[in-house]
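Note that ligands are numbered from 1 as they come in the structure, with each ligand's atoms numbered from 1 the same way. Scope of the values below: all heavy atoms of this structure, side chains included, with no hydrogens, waters or symmetry mates. Since the structure is predicted, the reported quantities are computational estimates derived from the model, not experimental observations.
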Amino acid sequence: MSLKGKTAIITGSTSGIGLAYAKALAAEGAGVMINGFGDAEAIENERKALEEMSSAKALYSDADMTKPDQIAAMVERCTEEIGTPDIAIANAGIQHVARIEDFPPEKWDAIIGINLSSAWHLMRAVVPGMKAKGWGRIICTASAHSLVASPNKSAYVAAKFGLAGLVKTIALETAPHGVTVNCISPGYVWTPLVENQIPDTMESRGLTRDQVMNDVLLAAQPTKKFVQPEEVASLAVYLCGDAAASITGANLSMDGGWTAQ
Ligand code: NAD
């Protein structure tokens, strides 16, 4: 499939699943705007590599997904310097693992802001341009936690269930305009986000690292394998194609059988 001439904006794409989306879309020829935090030199190297891959423009935005004005400015800059976004992926996300009585309220606000509200602000900014073109693809990285809960992840589970509802609503609003809106819901994917929650889970559940990996993370995943970021990105590329024009308002699981149980 060729995405030549298309512009994609992907939040939280300096690492993990977001970077895999950016690479997969650039490999199909799309101009991409990446976003997120990290080492400036490493990000610049990724940006250049994306341009080489796509033969189109690649830009980096350091917009903070907790700041609605920065999200709007990121979309504006993308429109001016690459093109009106045809594809928007709300992917930025953080995690915090603690019992509700130990959960810092500022972590609740940050998770709801980054994992849920930023997707709403992104959609609000890109939908008018997509409707005007009569074509658009919006994808949110939700999670198996948009369908089932786990203890000690109250903010994350609330945000991801919220994302699934947001996607259904905007899918209905945009369906007559050639725009599709879907969630991809992975199980555990081996990325820094998963790696970083191991120490907290060890502490909150009193487990060793191996126990967290096998008895907590992969316990729920019948394949007993982490999903690869590239697998998630392949599904996003499929959703961007014309063959996926009738898939909208869906929450597509890629969780090694987790939520089949
Ligand atoms: P990751 O930590 O590798 O990537 C997160 C990205 O978000 C990074 O680019 C980071 O810089 C960016 N980010 C964080 N805070 C930000 C902010 N305030 N503003 C802008 N960018 C910010 O994690 P990942 O595992 O690739 O996660 C990506 C998405 O996939 C998240 O929404 C996550 O909830 C979801 N997800 C991950 C898994 C998994 O097992 N890894 C499973 C299901 C869903």
**Message:** With a sphere of 6.0 Å drawn around NZ of Lys225, does it hold more than 12 non-hydrogen atoms of other residues, nucleotides or ligands?
**Reply:** no
Could you tabulate the donor-acceptor pairs under 3.5 Å formed by side-chain atoms of residues 253-261, not counting sequence neighbours?
from   : atom 1 : to     : atom 2 : distance (Å)
Asp255 : OD1    : Gly257 : N      : 3.0
Asp255 : OD1    : Trp258 : N      : 3.3
Asp255 : OD2    : Thr259 : N      : 3.1
Asp255 : OD2    : Thr259 : OG1    : 2.6
Gln261 : NE2    : Ala220 : O      : 2.8
Gln261 : NE2    : Trp258 : O      : 2.8

**Prompt:** Is the CD atom of Glu41 crowded by more than 12 outside heavy atoms at less than 6.0 Å?
**Reply:** no
**Prompt:** Has Glu203 got more than 12 heavy atoms of other residues, nucleotides or ligands less than 6.0 Å from its CD?
**Reply:** no
**Item:** ring pair (Phe, Tyr, Trp, His ring centres under 6.0 Å) pairs, two or more places apart, involving residues 147-184
**Value:** His145-Tyr156
Show the short N or O contacts, below 3.5 Å, that ligand 1 makes with protein N or O atoms; if there are none, say 'none'.
from     : atom 1 : to     : atom 2 : distance (Å)
ligand 1 : 3 (O)  : Ser15  : OG     : 2.6
ligand 1 : 4 (O)  : Ser15  : OG     : 3.3
ligand 1 : 9 (O)  : Gly12  : O      : 3.4
ligand 1 : 9 (O)  : Thr14  : N      : 3.2
ligand 1 : 9 (O)  : Thr14  : OG1    : 2.7
ligand 1 : 11 (O) : Thr14  : OG1    : 3.3
ligand 1 : 11 (O) : Phe37  : N      : 2.8
ligand 1 : 11 (O) : Phe37  : O      : 3.4
ligand 1 : 18 (N) : Asp64  : OD1    : 3.0
ligand 1 : 19 (N) : Met65  : N      : 2.9
ligand 1 : 25 (O) : Thr191 : OG1    : 2.4
ligand 1 : 26 (O) : Ile17  : N      : 2.8
ligand 1 : 32 (O) : Asn91  : O      : 2.7
ligand 1 : 32 (O) : Lys160 : NZ     : 3.0
ligand 1 : 34 (O) : Tyr156 : OH     : 2.6
ligand 1 : 34 (O) : Lys160 : NZ     : 2.9
ligand 1 : 40 (O) : Val189 : N      : 2.6
ligand 1 : 40 (O) : Val189 : O      : 3.2
ligand 1 : 41 (N) : Val189 : O      : 3.0
ligand 1 : 41 (N) : Thr191 : OG1    : 3.0

**Asked** What salt bridge (charged side-chain N to carboxylate O under 4.0 Å, His left out) pairs are there with at least one residue in residues 103-128, not counting sequence neighbours?
**Response** none
